[in-house]
Every structure is written in structure tokens, then in C-alpha cells.
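Order of the sequence lines sets the chain letters (A, B, ...), proteins ahead of strands, with each chain counted from 1.
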Number of protein chains: 2
Amino acid sequence: MGVPLPLGRRIRADIEAQIKGGHWPPGYRLPTEQELQTRYGCARATVGKALSALADAGLVERRKKAGTIVATPRAHTAVLTIPDIAEVMAARGQAYRFELTGRAVRAVDPASSNERALMAHGAMIALAGMHHADSSVFALERRVISLAQVPEAESEPFVRQAPGTWLLQHIPWTRARHRICAASLAAEDARALGLPEGSACLRLERWTWRELAGITYVEQTFAADQFDLIAEFSPGGV
Amino acid sequence: MGVPLPLGRRIRADIEAQIKGGHWPPGYRLPTEQELQTRYGCARATVGKALSALADAGLVERRKKAGTIVATPRAHTAVLTIPDIAEVMAARGQAYRFELTGRAVRAVDPASSNERALMAHGAMIALAGMHHADSSVFALERRVISLAQVPEAESEPFVRQAPGTWLLQHIPWTRARHRICAASLAAEDARALGLPEGSACLRLERWTWRELAGITYVEQTFAADQFDLIAEFSPGGV
DNA sequence: TCGGCGATAATGTCTAGACATAAAATCGGT
DNA sequence: ACCGATTTTATGTCTAGACATTATCGCCGA
């Protein structure tokens with residue numbers, strides 16, 4: 001309050017309000033930089049910067065000679081936060097426990113496309129485990145970790161702390177890719193979750209890299225009614 | 001090839017390469033605008049714009065007096081793009097068709113929590129339909145639209161164009177909330193999709209608002225092996 | 001040693017121009 | 001009527017400054 005917005009931001013906010021208020025519909029051609037320059041009494045670079053920022057945010061499209069038009073959104077984008085399972089449990093007020101059910105050091109399986117997507121060859125550690133909520137099984141996890149990138153993993157027990165939690169806290173990463181899909185439970189997984197074979201489940205897969213080197217791949221399986229993902233978005237970064 | 005990058009973009013690309021190549025680790029303080037200005041032989045505004053773009057992309061953080069430092073990437077958040085179904089079909093090279101199977105104008109059902117989450121009362125239009133890929137059913141959709149916010153919807157047939165596509169192109173919105181979960185197919189939906197009852201499916205729900213007023217709620221159901229969502233996070237948006 | 005306070009160094013915002021580039025619009029010839 | 005060359009126009013990029021803002025550092029006094 002009291003602090004006036006810098007002119008550039010005010011121009012941007014004004015235009016954003018016109019668009020979000022529906023006064024300027026998709027396809028509407030907005031005033032040229034010259035007109036805005038005159039209207040606001042400022043240099044062309046100032047309105048240009050405001051319009052470019054709106055273009056970066058996806059609210060408008062700019063084409064030479066054609067001018068600047070309100071963008072027609074082609075998709076909904078949202079910032080999805082994929083929480084650490086231990087944090088989900090804490091938020092729900094349930095007791096959390098990770099149980100390691102399998103552990104092996106081996107070479108990359110060239111028949112597995114999920115492993116190949118992470119790295120071409122080398123040694124890795126393969127882990128399997130269950131996430132418990134109170135006394136029931138909440139999720140299943142299968143993971144491989146590159147020993148070339150994370151040699152410390154070989155001496156880590158992963159018995160009390162889930163490997164995902166440990167990795168997040170110890171290993172820096174630069175790129176991650178997530179895949180979210182639904183699937184039917186295979187017999188073995190159904191038994192572990194205490195559900196009928198073929199039940200619906202949500203599957204979350206994540207590949208993580210540091211630069212070009214693959215660090216880990218994980219596949220988490222949740223019973224259909226146990227877990228969902230919520231994503232919120234306001235365009236323009238509000 | 002052969003077209004030289006504008007200087008500003010080249011500066012940005014150079015710095016990005018230093019960061020992604022690991023030569024400038026998180027926390028590293030990069031050269032000041034003055035140093036870069038001398039190094040590249042350009043005006044300060046040019047390096048400033050490049051650095052600001054990197055800051056917008058989340059690769060660096062800028063603080064007055066302290067300078068510009070390489071940012072530490074945040075934990076598992078990713079930009080999820082939820083595409084318009086017609087665009088998915090176009091990308092896959094399949095023929096797309098929307099079929100409207102139900103349409104009614106009625107008041108908000110106070111027993112439906114999904115409708116209550118959108119608005120307290122008022123008239124709405126309820127739609128049901130199927131998204132076809134080539135000759136098979138790709139997804140089911142149920143939607144309600146607020147007639148107070150979107151009176152044009154009453155005279156819109158929604159026979160050729162899916163309501164989502166129409167809304168996205170005509171109605172501005174300021175906030176959206178998505179929920180992603182797995183579910184078992186109810187008898188009616190299973191019949192529509194041509195699958196056994198109880199099959200796994202991915203369910204996507206979306207609530208959309210303009211300011212505080214609810215515009216629409218939609219629930220889309222996909223067969224498990226038909227559709228998945230990919231979310232990428234790489235700082236800088238590559 | 002600690003706290004405050006001013007100098008300084010860095011980015012933030014802006015101006016008034018210049019030239020480059022791309023695409024729509026127009027004009028001219030067939 | 002159509003196609004191609006030219007003009008026009010709006011944005012893209014850049015310069016060389018100016019002043020504003022603010023966090024940090026170092027100094028000085030209690």
C-alpha cells in the first residue's frame with residue numbers, strides 16, 4: 001500500500017486484468033507498442049518489456065507486423081507437487097514405516113526399457129520395498145540407483161529410511177521426468193497390497209538425472225482409493 | 001545453421017551451459033553485469049536482460065549488492081501439461097470426434113460435493129459425452145458449466161466441438177485445480193468404453209474459476225492403457 | 001564485543017534513440 | 001484473376017547513458 005508499482009509492472013497488470021476479466025478475448029489484437037507508449041507516456045522499451053513478459057507467461061502472442069494478440073490457450077498447465085511419501089503420512093497424521101523387501105547389486109538389464117532410459121550400461125543397485133501407513137501397506141516401490149553416480153548407495157542399508165528420502169537429501173539432481181498412469185494390479189503386487197488381482201492402481205514413475213547421467217528410476221504403485229495428486233495453477237504466475 | 005544467435009541469447013546460452021555442465025555449481029556467484037558487459041563488449045541492458053531471463057527460468061537468483069548466484073533446484077515439483085484431448089489426437093495422428101450423449105439445464109445439486117465445490121447455487125448446464133479416437137472410444141466426459149458465468153453455453157450445441165475446447169477458447173479463467181486418481185470402471189462407463197466392469201482407469205478432474213466465481217467442473221475417464229500424463233522438470237524449461 | 005550507521009556495490013527500472021527482421025499489404029505485370 | 005516483387009508496419013534487438021533501490025560491508029563509538 002502506498003508504494004506505487006513501477007510503470008512497467010503497472011502496464012503488465014493492466015493488460016492482464018483486461019484479459020482475465022474477459023474484456024479482451026482470445027484473438028483480440030491489443031494496442032501497438034506505439035499506442036501504449038503514448039497512452040502511458042513512456043519509452044517503447046518499457047511497454048515492449050511488459051508485453052514480452054506477458055508473452056513469456058503465455059497470455060499473449062506476438063508476431064511481427066501482425067501485432068500482439070491475446071493467446072488462445074491450448075492446454076492447461078499446472079505445477080504439480082509430488083510429495084515424499086513420508087511427508088504425506090505426516091500430513092495425514094498416520095504412522096509411517098518403510099520396509100525393504102529386496103536388494104541386489106547387478107548390471108543394467110538391457111531388456112528393460114526403463115533401465116535403458118536411465119543409462120546405457122554400468123552397475124546399479126536394485127531395491128524393492130513397501131511403504132506402510134499405520135499397520136497397512138500404503139504403496140509399493142521398485143527402484144534402481146546408478147552406482148556410478150551414487151557410489152554411497154552401496155553402503156546404505158535403506159532399512160529404516162526410504163531410498164527416495166535419502167536420495168533427496170543427499171544427491172543433487174538437475175532433471176526429472178514423471179509419468180502418471182493407471183494400471184491393473186499384477187498378482188504379486190495385489191498380494192502385497194492385500195487386494196484382489198486386477199484391482200485398479202495409480203502408478204507413478206520417476207526418472208532422475210544429474211546433467212546427462214541417470215541417477216535413479218523409481219516406480220511407485222498405490223491402491224486406487226489411497227492416493228491422488230492435486231495440481232493448482234493460475235496463469236501469469238499469481 | 002549459419003544464423004548467428006543474437007548476442008543476448010548467446011550470453012544466456014553460455015551461462016546456461018556453464019551451469020548445466022556443472023562448472024558453476026549451485027551457490028556459485030557469477031560475474032557481475034559489468035564484467036559480462038566488458039567480456040562481451042555490449043551494453044549493460046543486454047547482459048541484464050539475459051540474466052533476468054535466467055532468473056525467470058529459475059536457474060539463477062539475483063539479489064542487489066549480493067550479485068547473481070546459481071540457484072539450487074527445488075524438490076520434486078514439475079510442470080504438468082494437461083493437453084486438450086483434440087490436440088493429443090492430432091499429435092498421435094488419429095481422427096478425433098466428440099459425441100454429445102447428454103445435455104440438461106438444471107440447478108446445482110446440493111448433494112454433489114463436486115458441484116458445491118464450484119458454486120453454492122444457481123443454474124448450470126450438465127453435459128455428458130465421449131471422445132472418439134479413430135473408431136474407438138478414447139475417453140468419457142461429464143461436465144457442468146455455470147450459466148451465471150457462461151450464459152453463452154446455453155445456446156452452444158457442443159455437438160461438433162468438445163465443450164472443453166470451446167470453453168478454453170472463449171472463456172477466460174484465472175485459477176484451476178486438478179485432481180488425478182485411479183479408479184475402477186462402473187458398469188455404465190465400462191459399457192461405454194467397451195471394457196469389463198471394474199477395469200482400471202485414470203480419472204482426471206478439473207475445477208475452473210474466474211476470480212472467485214466457478215466456471216466449470218469436468219471429470220474425464222480414460223482406459224488405463226490409453227493415456228498417461230508426463231511431467232518434466234528441468235530448470236530453464238528445456 | 002556488540003550494535004548502529006553510512007558508504008558502496010550490485011541489480012532494477014527507465015529513456016530516447018537506432019537498425020534489423022519478418023510478415024502482411026499493396027502494387028504491377030502477365 | 002493470379003502471382004511475384006516491393007513497400008509498409010510492427011516487433012526484435014541493441015546502445016549508452018541516467019537515476020532508484022537495497023543488501024552488504026566495514027567503520028566507529030558505546
Interatomic distance where CZ belongs to R62(A) and P belongs to dT21(C) [whole Å]: 18 Å
Report the distance from atom OG1 of T38(A) to atom CZ of R44(A), rounding to the nearest 0.5 Å. 12.0 Å
Checking A50(B) now: which residues fulfil side chain to side chain contact (heavy atoms under 4.5 Å, CB included) with it, not counting sequence neighbours? I11(B), R12(B)
Modelled atom types, side-chain donor and acceptor of E99(B) and H132(B), under 3.5 Å: yes
What is the nucleic acid contact for R10(A), judged by heavy atoms within less than 4.0 Å: base, sugar-phosphate only, or nothing? nothing
Just the rounded figure in Å: distance from C1' of dG6(C) to NZ of K65(B). 12 Å
Extract, from 5' to 3' on DNA chain D, the first and final nucleotides lying under 4.0 angstrom from some heavy atom of chain B. dT13(D) to dT24(D)
Do R210(B) and W173(B) meet the cation-pi criteria used here (NZ or CZ under 6.0 Å from the six-membered ring centre, within 45° of the axis)? no
Tell me yes or no: between the side chains of T216(A) and R143(A), is some donor less than 3.5 Å from an acceptor? yes
Distance check needed: dA9(C) P versus R63(B) CZ, whole Å only. 18 Å
Under a 3.5 Å cutoff, is there a donor and acceptor pairing between the side chains of Y40(B) and D14(B)? yes
Please report the distance, rounded to the nearest Å, between NZ in K64(A) and P in dA25(C). 17 Å
For the pair made of CD in E61(B) and P in dT11(C), what is the distance, rounded to whole Å? 14 Å
Does a donor on one side chain and an acceptor on the other come within less than 3.5 Å for T68(B) and R62(B)? yes
With a non-hydrogen cut-off below 4.0 angstrom, is L51(A) in contact with a base, only sugar-phosphate, or nothing? nothing
Side-chain donor-acceptor pair under 3.5 Å between E141(A) and H131(A), yes or no? yes
I need the residues from residues 32-44 of chain B with at least one non-hydrogen atom less than 4.0 Å from DNA chain C; give them sorted by number, or say none. T32(B), E33(B), R44(B)
So, taking the atom named NE2 in H178(B) and the one named CD in E205(B), what distance separates them when rounded to the nearest 0.5 Å? 11.0 Å
Where each residue is assigned the nucleotide of DNA chain C containing its nearest heavy atom, which of A66(A) and A45(A) is assigned the position nearer the 5′ end? A45(A)
